[in-house]
Visitor: 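Just dropping this structure here.
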Amino acid sequence: MSFEVPDTDTVYISGLPSDTTEQSLSELFGSIGIIKMDKKTKKPKVWLYRDKATGELKGDGTVSYEDPFTATSAIDWFNGKEYKGSMLSVSLSQKKQVDPAMYGRGGGGGGGRGGF
């Protein structure tokens, strides 16, 4: 029997109510597994997306678990569930795709003819 390890330990959550805090999301999603700790801040790796202009919550965020299997379980456990009157949508977070066009062609510097 073999298991395929999920390629991410992070879940993306949408449908969050406007009064959600990192703490409340950490408590909810931490109920099924250990949330990763940010090495710099020493806080759980929970991120709530905010509008850049107003600073208000957009209603979505991410939670990173220590174990990728817990992230998969979070989908089964929380997707489609009600939280503070809002219906949650939970999925595995997609890694940002790197667009090779962003890097240009990166030409090499030609070798000169070192003749005299």
Side-chain angles (χ1 to χ4, degrees):
M1 181 183 268
S2 67
F3 295 99
E4 190 172 319
V5 177
D7 63 352
T8 184
D9 55 12
T10 303
V11 291
Y12 173 78
I13 307 121
S14 60
L16 293 167
S18 60
D19 64 343
T20 303
T21 64
E22 284 87 352
Q23 177 68 32
S24 66
L25 199 58
S26 178
E27 288 172 7
L28 178 66
F29 279 79
S31 67
I32 65 160
I34 299 170
I35 296 175
K36 271 188 183 176
M37 297 301 280
D38 187 298
K39 291 177 180 153
K40 291 180 184 176
T41 65
K42 307 289 187 219
K43 292 182 180 177
K45 283 190 126 180
V46 174
W47 181 259
L48 294 175
Y49 291 94
R50 297 178 184 277
D51 183 289
K52 289 180 182 174
T54 65
E56 293 196 23
L57 293 176
K58 290 184 169 185
D60 56 350
T62 60
V63 173
S64 296
Y65 287 101
E66 287 286 337
D67 177 26
F69 290 108
T70 306
T72 304
S73 295
I75 296 167
D76 296 335
W77 194 261
F78 296 112
N79 188 45
K81 296 287 192 303
E82 187 178 321
Y83 175 64
K84 295 184 177 181
S86 294
M87 191 66 64
L88 297 180
S89 177
V90 182
S91 61
L92 286 177
S93 178
Q94 301 293 315
K95 294 188 190 268
K96 287 185 179 178
Q97 297 294 321
V98 177
D99 183 359
M102 289 175 49
Y103 293 106
R105 292 266 165 145
R113 300 209 164 166
F116 289 90

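In this text, all values refer to a predicted model and were calculated from it rather than measured experimentally. In what follows, residues are counted from 1 in the order of the sequence shown.
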Visitor: Please round to the nearest 0.5 Å and tell me the distance separating atom CZ of R50 and atom NZ of K58.
Guide: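 Reported to 0.5 Å precision, the distance equals 11.5 Å.
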Visitor: Give the intermediate values and the outcome of side-chain contact (heavy atoms from CB on, under 4.5 Å) for residues V46 and F29.
Guide: CA-CA 10 Å; V46 174; F29 279 79; over 6 Å; no
Visitor: To the nearest 0.5 Å, what is the distance between NZ on K45 and CD on E22?
Guide: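 The distance works out to 14.0 Å.
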Visitor: Do L88 and L28 make a side-chain contact, defined as non-hydrogen atoms from C-beta onward lying under 4.5 Å apart?
Guide: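 Yes. Closest side-chain heavy atoms under 4.5 Å.
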Visitor: Check whether any side-chain heavy atom of D67 sits under 4.5 Å from a side-chain heavy atom of I34, and report yes or no.
Guide: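 A side-chain contact under 4.5 Å is absent here.
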Visitor: Heavy atoms only: give me the nearest E66-M37 pair and the separation to one decimal.
Guide: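 Distance-wise, the nearest heavy atoms are OE2-N, 4.1 Å.
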Visitor: Is any side-chain heavy atom of Y65 closer than 4.5 Å to one of V11?
Guide: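 Yes. Closest side-chain heavy atoms under 4.5 Å.
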Visitor: In the structure I gave you, are the side-chain heavy atoms of L57 and L16 within less than 4.5 Å of one another anywhere?
Guide: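 A side-chain contact under 4.5 Å is absent here.
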Visitor: Taking all non-hydrogen atoms of both residues, which atom of T8 and which atom of T10 are closest, and how far apart?
Guide: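 Minimum heavy-atom contact is OG1-N, 3.2 Å.
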Visitor: State whether the number of non-hydrogen atoms from other residues, nucleotides or ligands found under 6.0 Å of K43 atom NZ is greater than 12.
Guide: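 Result for NZ/K43: open.
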Visitor: If I compare all heavy atoms of E82 with all of M87, which pair ends up nearest, and what's the gap?
Guide: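 Scanning both residues, the minimum pair turns out to be N-SD, 4.1 Å.
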Visitor: Within the 4.5 Å heavy-atom criterion, are S14 and Y49 side-chain neighbours or not?
Guide: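 With C-beta onward as the side chain, the pair stays apart.
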Visitor: Answer yes if Y83 and I32 sit in the same cluster of Ile, Leu, Val, Met, Phe, Trp and Tyr residues linked by side chain heavy atoms under 4.5 Å apart, and no otherwise.
Guide: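 Yes: a chain of side-chain contacts under 4.5 Å links Y83 to I32.
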Visitor: Nearest 0.5 Å please: distance from the OG atom of S18 over to the NZ atom of K84.
Guide: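 Here the interatomic distance stands at 9.0 Å.
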Visitor: Answer yes or no: is there a side-chain heavy-atom contact under 4.5 Å between I35 and V63?
Guide: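 When only atoms from C-beta onward are counted, V63 and I35 do touch, with a gap below 4.5 Å.
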Visitor: Any idea which heavy atoms bring T20 and L48 closest together, and the distance?
Guide: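 That would be O-CD1, 3.6 Å.
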Visitor: Output the distance between atom CD1 (I13) and atom OG1 (T62), rounded to the nearest 0.5 Å.
Guide: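 These two atoms lie 6.5 Å from each other.
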Visitor: Do Y12 and L92 belong together in a cluster built from hydrophobic side chains that touch within less than 4.5 Å?
Guide: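 Looking at the clustering, L92 is in a separate group from Y12.
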Visitor: Evaluate the side-chain proximity of K36 to P44: yes if any heavy-atom separation is below 4.5 Å, no if none is.
Guide: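 Contact flag for P44/K36 side chains = no.
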Visitor: What are the two closest non-hydrogen atoms of G15 and S86, and how far apart are they?
Guide: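 Nearest pair, atom of G15 first, then S86: O-CB, 3.0 Å.
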